[in-house]
Amino acid sequence: MELRLHPRVQTTMRVSFSSHDFDGLKDGTLYTLSVGGCAVESPTTVEPGTHLALYLHAPGDQTPITIELAA
């Protein structure tokens, strides 16, 4: 039984993120994406509820897609 409100799209995309909770820009890989959220894998541990700025690096695009506030 599917409990998600929005369907997720499988993808593999480089993502960078930053937060006031840690120094600098961190990297990860985005694996699923939906209207309501995404799943990112990263060597950086991020606590649930942490506010982030996300930068999605779509293949072929030089300028990342910016999400200024995510949790």
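Positions are given from 1, in the same order as the sequence printed here. Values below: every heavy atom of this structure, side chains too, minus hydrogens, waters and symmetry copies.
To the nearest 0.5 angstrom, Asp23 atom CG is 10.5 Å from Asp21 atom CG. Taking CD1 from Ile65 and CG from Leu33, the interatomic distance works out to 8.5 Å, rounded to the nearest 0.5 Å. Note: Thr44 OG1 to Lys26 NZ = 5.0 Å, rounded to the nearest 0.5 Å.
The two residues His51 and Ala71 have their closest heavy-atom pair at CD2-CB, 4.2 Å. Considering every non-hydrogen atom in both Ser42 and Asp27, the closest pair reads OG-O, 2.7 Å. Taking every heavy atom of both residues into account, Gly24 and Ser18 meet most closely at O-CB, 4.0 Å. Considering every non-hydrogen atom in both Gly37 and Arg8, the closest pair reads C-NH2, 4.3 Å.
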Going through the distances and angles, do Ile67 and Tyr55 end up as a side-chain contact (heavy atoms from CB on, under 4.5 Å)? CA-CA 6 Å; Ile67 300 168; Tyr55 308 97; over 6 Å; no
Can you check side-chain contact (heavy atoms from CB on, under 4.5 Å) on Thr66 and Leu54, steps first, answer last? CA-CA 6 Å; Thr66 302; Leu54 293 175; over 6 Å; no
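In this structure, the side chains of His57 and Ser16 come closer than 4.5 Å at one or more pairs of heavy atoms. Val40 has its side chain out of reach of Tyr31: every pair of non-hydrogen atoms, C-beta onward, lies at least 4.5 Å apart. In this structure the side chain of Arg14 never reaches within 4.5 angstrom of the side chain of Thr29, judged on heavy atoms. The side-chain heavy atoms of Leu30 and Leu56, taken from C-beta on, include a pair separated by under 4.5 Å. Counting only heavy atoms from C-beta outward, the side chains of Phe17 and Val46 approach each other to under 4.5 Å.
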